[in-house]
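As the structure is a prediction and not an experimental result, all values here were calculated from the model. Quick note: numbers below take in every heavy atom, side chains included, and nothing from hydrogens, waters or symmetry partners. The first residue of the sequence shown is numbered 1, and numbering continues consecutively from there. Remember, it's 1-based here, ligands and their atoms both numbered in the order they're listed.
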Amino acid sequence: MKEHLKIHKSSGEVAIRILKNSGAIDHGFSIIRAGEFLLIPLAFVPSAGDLPGEVVKHEEEPREKRPYPSRISGSYDVIGHIAISKEKDPAKLKELAEGLLNSGKGIKSVYFDGGVKGDTRIRDLALIAGEDAPVATYRENGIILKVDVTRVYFSPRLATERLLLSSKVASGEKIVDMFSGVGSFAINIASKVDAHITAIDINAAAVSLMRDNILINRLKGTVEPVLADSTATIREYGNMDRIIMNLPHGAHSHVRQAMWSLREGGRINYYEICDFEGLEYRLEEFRELGLTVAEKREVHAYSSRERMYSVELIKGSQARS
Ligand code: SAM
């Protein structure tokens, strides 16, 4: 008998992503369907607070053996048919690129990422192998996003975060996404919930792609794209239920303005890249502004010391800690 996470099938996708991130799924065994529920085999039992279900003992089902996949060494992100790597060693990068093109994963273009630049966070990309075709059709969480990797910022590493945030939004919420890019948070949310999201970005190419992305997805809610500097225009919005602030190296200086637009009890979903001490310092600043920290979570590693953190803040004194 093995420990499994028992979860209703409607929450299965979120649960599997959370467990995958923490390495808690035992891949030697299959996920079992039991009526309305899924039983996910666990390598270990993660801390209870993070678990979206109940841990039960169940007879395990050994997984069918699959052929060993061809090995591709090196790290990279995949956005549709495009792979992007920060590998600095030219020989290793070339080998990785050839491996990816021949991997059968549908990769047709491999770019080197020289880092993000300026306010718009656009990557400095150089084609290493394959076609120079920077516009990708990318799928995550049941939606499609058109992304031009040379003209807009986009990170597939936030797919789970976007799904988690979508699952917290209630029907009817009024939301501002201050740094929306091609609409990745906004469209994830509106595809799942009848909410209204004003999605602002300073990059005209991102707002143009967001307009396309609104049209190619089936949405329950509405997304209103706005081309503007949100740090100047945020005060035009009042009584919001939620404000999303995904500018991980610069959002902190705009939290005070964002609070003006938030109703009492409304929430800010805030992202920052920093080390653990930096995060604690920042949270103390937010408490002094009158915000309650409802949740803080590591999203992914960024460097040896730094992490990307997700923080949910509630405005006002009635908020629960
Ligand atoms: N949230 C998006 C996502 O996850 O795909 C994009 C996040 S990206 C880190 C930050 C975005 O903020 C970029 O698209 C950039 O153009 C935009 N941006 C930066 N400064 C801005 C400002 N003052 N007002 C509006 N958008 C801004």
Output the distance between atom [atom1] ([X]) and atom [atom2] ([Y]), rounded to the nearest 0.5 Å.
{"X": "I214", "Y": "T222", "atom1": "CD1", "atom2": "OG1", "value": "9.0 Å"}
{"X": "N246", "Y": "Y153", "atom1": "CG", "atom2": "OH", "value": "7.0 Å"}
{"X": "R267", "Y": "E295", "atom1": "CZ", "atom2": "CD", "value": "9.0 Å"}

query = Where the closest heavy atom to atom 5 (O) of ligand 1 is concerned, which of A159, S184, G183 has it?
reply = S184
request  = Give the single entry among D119, L158, V116, L145 that approaches atom 15 (C) of ligand 1 most closely by any heavy atom.
outcome  = D119
key: Side-chain heavy atoms of E61 within contact of F29, under 4.5 Å   = no
ask   = Is there side-chain contact between V152 and D201, with at least one heavy-atom pair below 4.5 Å?
value = no
Of the protein's non-hydrogen atoms, which lies at the shortest distance from [atom], and what is that distance?
{"atom": "atom 8 (S) of ligand 1", "answer": "Y153 CD2, 3.3 Å"}
{"atom": "atom 24 (N) of ligand 1", "answer": "S230 N, 2.9 Å"}
{"atom": "atom 13 (C) of ligand 1", "answer": "D201 OD2, 3.4 Å"}
{"atom": "atom 26 (N) of ligand 1", "answer": "I202 N, 3.1 Å"}

key: Close-contact set for ligand 1 against M178 heavy atoms, below 4.0 Å   = 25 (C), 26 (N)
note = The atoms of ligand 1 lying under 4.0 Å from a heavy atom of T231, numbered in the order shown, are 23 (N)
Tell me whether [X] has any N or O atom under 3.5 angstrom from an N or O of ligand 1.
{"X": "N246", "result": "yes"}
{"X": "D229", "result": "yes"}
{"X": "R162", "result": "yes"}
{"X": "I200", "result": "no"}
{"X": "F179", "result": "yes"}
{"X": "S155", "result": "no"}

task = Check whether any heavy atom of A206 sits under 4.0 Å from an atom of ligand 1.
result = no
key: Y271 and F179: CA distance, side-chain angles, deciding distance, ring pair (Phe, Tyr, Trp, His ring centres under 6.0 Å) verdict   = CA-CA 11 Å; Y271 296 88; F179 309 103; over 10 Å; no
message = Please check: side-chain N/O of K117 versus main-chain N/O of D124, any donor-acceptor pairing under 3.5 Å?
response = no
query = In a check of salt bridge (Lys or Arg N to Asp or Glu O under 4.0 Å) between E173 and each of K168, R242, K192, which one passes?
reply = R242
Check ion pair K296-E280 (N to O, under 4.0 angstrom) = yes
message = Atom CZ of residue position R307 - does it have more than 12 heavy atoms of other residues, nucleotides or ligands inside 6.0 Å?
response = yes
ask   = Counting heavy atoms only, which part of A228 comes closer than 4.0 Å to ligand 1: side chain, backbone, both or neither?
value = backbone
